[in-house]
Amino acid sequence: MKILVINCGSSSCKFQLFETSTGEVLAKGNAERIGIDGKLTYKANGKEDFISTEAMPDHKVAVKMILAALVDKDHGVLSDISEIKAVGHRVLHGGKYYSESVIVNDDVKKVIRDCFPLGPLHNPANLTGIEACESVLPEGTPQVAVFDTAFHMTMPPKAYTYALPYELTEKYSIRRYGFHGTSHRYVSRRAADFLGKKYEDIKIITCHLGNGSSFAAVDHGKCVDTSMGLTPLAGICMGTRCGDIDPAIVPFLMKNENLTPDEIDTLMNKKSGVEGLSGVSSDFRDLDKASKEGNERATLALEMFEYQARKIIGAYAAAMGGVDVIVFTAGIGENTDYIRAAACEGLGFMGVEIDPAKNNGVRTEAVISSDNSKVTVAIIPTNEELAIAQETEELVK
Ligand code: AMP
């Protein structure tokens with residue numbers, strides 16, 4: 001089945017067209033600078049890449065241009081737009097309402113709209129993308145919303161509630177929601193398949209380590225805890241996000257640095273994390289290089305990242321009363337053997353033993369724990385777009 005996957009930002013629209021029977025990406029690209037000037041980059045199997053700088057005043061025009069490229073006689077991969085059987089949309093926030101992906105109708109759009117305050121940068125853009133596709137694709141083409149938060153909705157109240165005045169948590173729907181859910185679901189299921197284990201029989205800790213990093217405790221197929229919170233700022237320190245800090249630091253800095261709410265928000269989201277700490281970069285390749293050259297702050301940033309990852313792995317093993325499988329994924333999880341090794345260092349007491357010969361330099365799907373390790377540690381590359389396409393197909397079938 002041909003499924004188009006759309007990930008809309010406020011001024012961009014990334015897309016991938018999948019043939020789900022094979023998992024093949026037939027075409028992909030990005031419409032950027034929507035509402036500014038417009039730039040469409042497009043790549044398709046066996047065709048020449050192309051870039052268009054035609055004006056893109058809004059998302060509807062951007063989607064029209066993407067669809068035109070997909071059926072173009074030179075670059076296209078479809079003979080008719082009706083070959084697209086459904087569109088899967090990445091949607092950041094489904095609030096507490098959705099624990100699964102859903103076919104979009106008016107009620108779903110209302111929920112996405114109601115969650116604007118919880119995902120102010122993403123949800124409005126996600127809804128715009130859905131409405132643009134509805135208005136441009138043949139009537140009746142199903143649109144599916146795949147929420148970043150959905151996988152975590154199985155968490156129990158003790159894991160998702162914050163100890164704030166209860167009336168306020170209710171009034172503003174303040175709770176831990178968690179993010180990267182599509183990735184955590186995909187890699188945890190894939191890990192069970194890959195290892196020949198039954199998903200519903202095991203305890204898995206998934207470590208999605210990328211520019212944004214999050215962890216999930218998946219107990220017998222259900223997420224029971226995750227490290228991101230009301231927003232994707234919570235958890236371990238990340239590329240530019242501070243992660244968990246003493247909440248009293250917020251009013252302290254606001255008072256002493258005379259910062260507005262927006263300014264402190266930017267400071268914590270964009271100027272902190274390993275970049276803010278090291279003064280070098282948010283990219284672990286740059287940090288590794290700087291650390292090897294003797295930059296002490298880069299070394300500290302790496303050590304903090306590793307230490308915080310290890311603490312969460314230990315905490316989630318405690319939360320589930322054990323762990324059978326630990327999964328590493330995303331840019332850092334898939335590519336940096338030394339972070340994987342350090343995040344598991346000292347966890348021998350709970351049966352985790354990495355085999356350096358299996359871990360070093362490996363970037364593909366693989367078991368990296370030793371034959372004696374009680375806990376299996378694996379690399380499972382994530383593929384959020386393919387996961388969205390598969391979930392979309394399951395729903396529309
Ligand atoms: P993601 O958000 O999953 O795309 O991950 C992006 C991050 O992964 C980058 O900022 C890097 O820190 C890290 N990364 C990606 N590729 C590599 C690599 N080959 N070696 C080390 N780190 C990498």
Side-chain angles (χ1 to χ4, degrees), residues 5 7 9 12 14-16 25 28-30 32 41 90 92 121-122 146 148 151 178-188 190-191 206-216 226-228 231-243 269-293 295 297-309 312 327-344 354 356 359-366 368 378-388:
V5 173
N7 182 0
S12 68
K14 290 195 194 116
F15 67 94
Q16 290 198 23
V25 179
K28 66 177 184 177
N30 191 7
E32 293 167 273
T41 35
R90 182 175 194 169
L92 181 81
L121 297 180
H122 295 87
V146 180
D148 257 17
F151 182 59
F179 298 87
H180 294 141
T182 311
S183 175
H184 288 292
R185 188 198 309 260
Y186 176 83
V187 299
S188 56
R190 175 67 207 142
T206 44
C207 314
H208 177 113
L209 309 181
N211 200 29
S213 294
S214 69
F215 297 73
T226 192
S227 58
M228 284 179 168
T231 74
L233 181 58
I236 69 168
C237 59
M238 309 178 212
T240 60
R241 289 173 238 169
C242 60
N269 272 292
K270 304 229 165 98
K271 298 186 182 161
S272 301
V274 292
E275 180 172 300
L277 264 166
S278 66
V280 173
S281 165
S282 63
D283 193 303
F284 277 58
R285 287 161 284 200
D286 302 331
L287 288 176
D288 186 37
K289 184 166 172 280
S291 169
K292 284 183 177 137
E293 286 165 1
N295 184 318
R297 274 165 52 191
T299 304
L300 173 65
L302 289 172
E303 283 177 358
M304 283 174 60
F305 186 87
E306 293 160 358
Y307 176 64
Q308 292 181 6
I312 293 202
V327 176
F328 285 98
T329 195
I332 299 163
E334 290 166 32
N335 290 301
T336 53
D337 45 18
Y338 66 95
I339 297 275
R340 293 190 296 254
C344 293
I354 297 284
N359 181 39
N360 293 353
V362 177
R363 294 166 195 269
T364 50
E365 198 167 68
I368 57 168
I379 305 169
I380 304 285
T382 193
N383 190 337
E384 287 169 285
E385 289 74 21
L386 177 61
I388 292 172

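Treat the numbers as computed from the prediction; the structure is a model and nothing was measured. Order of listing sets the numbers, starting from 1, for every ligand and every atom in it.
Looking only at heavy atoms of the protein, atom 14 (N) of ligand 1 is closest to Gly331 O, 3.6 Å. Looking from atom 13 (C) of ligand 1 to the surrounding protein, the closest heavy atom is Ile332 CG1, 3.6 Å. Counting protein heavy atoms only, atom 2 (O) of ligand 1 is closest to Asn211 N, 2.9 Å. The protein heavy atom nearest to atom 15 (C) of ligand 1 is Arg285 NH2, 3.5 Å. Of the protein's non-hydrogen atoms, Asp283 OD2, 3.8 Å is the one closest to atom 9 (C) of ligand 1. Here the protein heavy atom with the shortest distance to atom 12 (O) of ligand 1 is Phe284 N, 2.8 Å. Scanning the protein heavy atoms around atom 18 (C) of ligand 1, the nearest turns out to be Asn335 CB, 3.4 Å.
With sequence neighbours excluded, no residue satisfies salt bridge (Lys or Arg N to Asp or Glu O under 4.0 Å) with Glu303.
Residues Met228 and Ala234 approach most closely at CG-O, 3.5 Å, considering heavy atoms. When all heavy atoms of Ala298 and Asn295 are compared, the closest pair comes out as N-OD1, 3.0 Å. Taking each heavy atom of Ile236 and Ile312 in turn, the nearest pair found is CG2-CD1, 3.5 Å. In this structure, Met238 and Asn211 approach most closely via the heavy-atom pair CB-O, 3.4 Å. Residue Thr329 comes nearest to Thr382 through the heavy atom pair OG1-N, 2.9 Å, listed as atom of the first residue, atom of the second, then distance.
For Asn359 (side chain) and Asp337 (main-chain N/O), a donor-acceptor pair under 3.5 Å exists by modelled atom type.
Residue contacts with ligand 1: Leu209 is placed with no nitrogen or oxygen under 3.5 Å of a nitrogen or oxygen of the ligand (distance criterion only). Polar contact check, Gly212 against ligand 1: no nitrogen or oxygen pair lies under 3.5 Å apart.
Per-atom contact check: atom 4 (O) of ligand 1 does not touch the protein, criterion being a heavy-atom distance below 4.0 Å.
In this structure, Arg363 has a heavy atom closer than 4.0 Å to ligand 1.
With a heavy-atom cut-off of 4.0 Å, Thr336 touches ligand 1 through its side chain alone.
Ring orientation note: the planes of Phe284 and Phe305 are nearly perpendicular, at an angle over 60° on the 30°/60° scale.
In the vicinity of Gly210, heavy-atom distances shorter than 4.0 Å reach the ligand 1 atoms 1 (P), 2 (O), 3 (O), 5 (O).
Ion pairing between a basic and an acidic side chain is recognised when a charged N comes within 4.0 Å of a carboxylate O; Lys28 and Glu385 show no such pairing.
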